[in-house]
There are 2 protein chains.
Amino acid sequence: MSATPSPARRTGGRSAAVLAAVRSAVEELVQERGSGQVTIPMVAERAGVNPTSIYRRWGDAPSMINDLATYRISPDRPLPDTGDLREDLTRWAQEIIEHFRQPAAAALLRGGAAAAGAGDSDCLRNRRAEATLLIERDGGEVPVEEVIDHVIAPIVYRVLFRPWTLDDELAPALVGRLFAGR
Amino acid sequence: MSATPSPARRTGGRSAAVLAAVRSAVEELVQERGSGQVTIPMVAERAGVNPTSIYRRWGDAPSMINDLATYRISPDRPLPDTGDLREDLTRWAQEIIEHFRQPAAAALLRGGAAAAGAGDSDCLRNRRAEATLLIERDGGEVPVEEVIDHVIAPIVYRVLFRPWTLDDELAPALVGRLFAGR
DNA sequence: TCCCTAAAGCAAAGATCATTGCGTTTACGT
DNA sequence: ACGTAAACGCAATGATCTTTGCTTTAGGGA
């Protein structure tokens, strides 16, 4: 008996192609119509995929959107590492801001917010994990909660409700304020 | 000729009753199933109202949810006025936190977030107007943007993604930090 | 390369949603 | 009180979504 009965998932080839097509279609549609107006048959048609495939993989539209929103930024990209925590945080925040300046990414985040609170869905958990990593690597002088409240939260708020306020001064300003009060 | 041709809207009596019933039904359903899974026929049934009435008044579910989310807190309730800006902000933040600790209110905010970005929908605009009022009344020592970034945004972030972290120390902590760096 | 079967595609049936025309109720101005 | 028309309710229709059983394709281990 092997430890893993190994259901042998098949993630490559055709499945990967379907995933990619669905991903693009969802991003386009969520941006065009808002997450609440995106249906699975719609996505299927634009992706050139059979609706059944989507129903079987995700079940419903909110789950699908939330899942795609969670993995929109590559979770294993390299994080800034200059040796200076403040500099690292600033560059990292800047990355996030630039990412969410893409209307499609912002729209996905709105969809992820809608799905949050239910089950374990939290499309920003990877961002929090990154913050923890950055901070602990540099000795943990700053509590993670502070970074969440005063760097991530303002960015997320602006992405969701006031996306036109995401300018290039924001990252240094937020991180600056984080270090000002200590 | 009167300035307003006065289409003579009818907001009282039966219409008000329908609105109230729909409001309750939406809050319950959004909380139970998430905003993405709430349909108009569903709301109509629970509210004991004809679906057509809802379709005609709001058009679709996201618009309905966003609209109800916007006016969930009475826009003309009295704001704290102790003469001390810091104290006023703390109490005001506390009010908001207590409001969004109600799961139904949090669920509505998630729905509002989903609808944001499209059109003029921004279910938090009244909160920002209140912040502006509080600050300008007391001489405007604190920029409104700072209150948004460091008080509203952290609260909203937690409501959306980590509602169990909304404790009683949050309001004083956030406002305290706002005044610490100056 | 050959199997095994996970995952995709297809098609049909059933459920649910959205729209529209028309009659009824009733809020609001006079 | 009365009249007007706004808002609601009802019912029928067409569109759209969802589910399900079956077939076909092709990923990945032996």
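The structure presented is a predicted model; accordingly, all values stated were derived computationally and were not measured.
- One finds a side-chain N or O of Arg57(A) lying less than 4.0 angstrom from the OP1 or OP2 phosphate oxygen of dA8(C).
- Judged by distance alone with a 3.5 Å cut-off, no donor-acceptor contact links the side chain of Arg14(B) to the base of dT26(C).
- Here Thr39(B) reaches the OP1 or OP2 of dC17(C): one of its side-chain N or O atoms lies under 4.0 Å away.
- Atom CE in Met42(A) sits roughly 17 Å away from atom P in dC17(C) (whole-Å rounding).
- In this structure, Asp168(B) pairs ionically with Arg101(B), as a charged nitrogen and a carboxylate oxygen lie closer than 4.0 Å.
- The side chain of Ile40(B) lies closest to dA18(C) when the candidates are dG9(C), dA18(C), dA7(D).
- Between the CH2 atom of Trp58(B) and the C1' atom of dC17(C) there is a distance of 18 Å, given to the nearest Å.
- For the residue pair Ala153(B) and Pro154(A), the shortest heavy atom distance occurs at CB-CA, 3.7 Å.
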Quiz item: Can you check side chain to side chain donor-acceptor pair (under 3.5 Å) on Glu27(A) and Gln31(A), steps first, answer last?
Solution: CA-CA 6 Å; Glu27(A) 290 183 8; Gln31(A) 180 181 345; over 6 Å; no
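- Not one side-chain nitrogen or oxygen of Tyr55(B) sits closer than 4.0 Å to the OP1 or OP2 atom of dT19(C).
- Whole-Å rounding puts the Ile54(A) CD1 to dA7(C) P distance at 16 Å.
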Practice problem: Could you walk me through whether Ser15(B) and Arg10(B) pass side chain to side chain donor-acceptor pair (under 3.5 Å), step by step? | Solution: CA-CA 7 Å; Ser15(B) 288; Arg10(B) 297 183 182 179; over 6 Å; no
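- Place Gly59(B) and Arg10(B) on DNA chain C by their nearest nucleotides, and Gly59(B) ends up nearer the 5' end.
- Look at Ser53(A) and you won't find any side-chain N or O under 4.0 angstrom from OP1 or OP2 of dA7(C).
- Between the CG atom of Asp60(B) and the P atom of dT16(D) there is a distance of 16 Å, given to the nearest Å.
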Self-check item: side chain to side chain donor-acceptor pair (under 3.5 Å) evaluation trace for Thr82(B) with Asp84(B)
Solution: CA-CA 5 Å; Thr82(B) 64; Asp84(B) 178 36; 5.2 Å; no
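- For Thr52(A), taking side-chain heavy atoms from C-beta onward, the closest of the listed nucleotides dT20(D), dT26(C), dT18(D) is dT20(D).
- dA11(D) atom C1' lies 10 Å from atom CG of Asn50(B), rounded to whole Å.
- At whole-Å resolution of the value, CD in Glu45(B) and C1' in dG9(D) are 16 Å apart.
- Although no hydrogens or angles enter the test, the distance criterion places no donor-acceptor pair under 3.5 Å between the side chain of Glu28(B) and the main chain of Ala25(B).
- At a threshold of 4.5 Å between side-chain heavy atoms, the hydrophobic network of Ile, Leu, Val, Met, Phe, Trp and Tyr places Leu108(B) and Leu160(B) in two separate groups.
- Residue Thr11(B) places at least one side-chain N or O closer than 4.0 Å to OP1 or OP2 of dC28(C).
- Side-chain N/O atoms of Arg9(B) include one lying less than 4.0 angstrom from OP1 or OP2 on dA7(D).
- Listed in residue order, the members of residues 21-38 of chain B having a heavy atom less than 4.0 Å from DNA chain C come to none.
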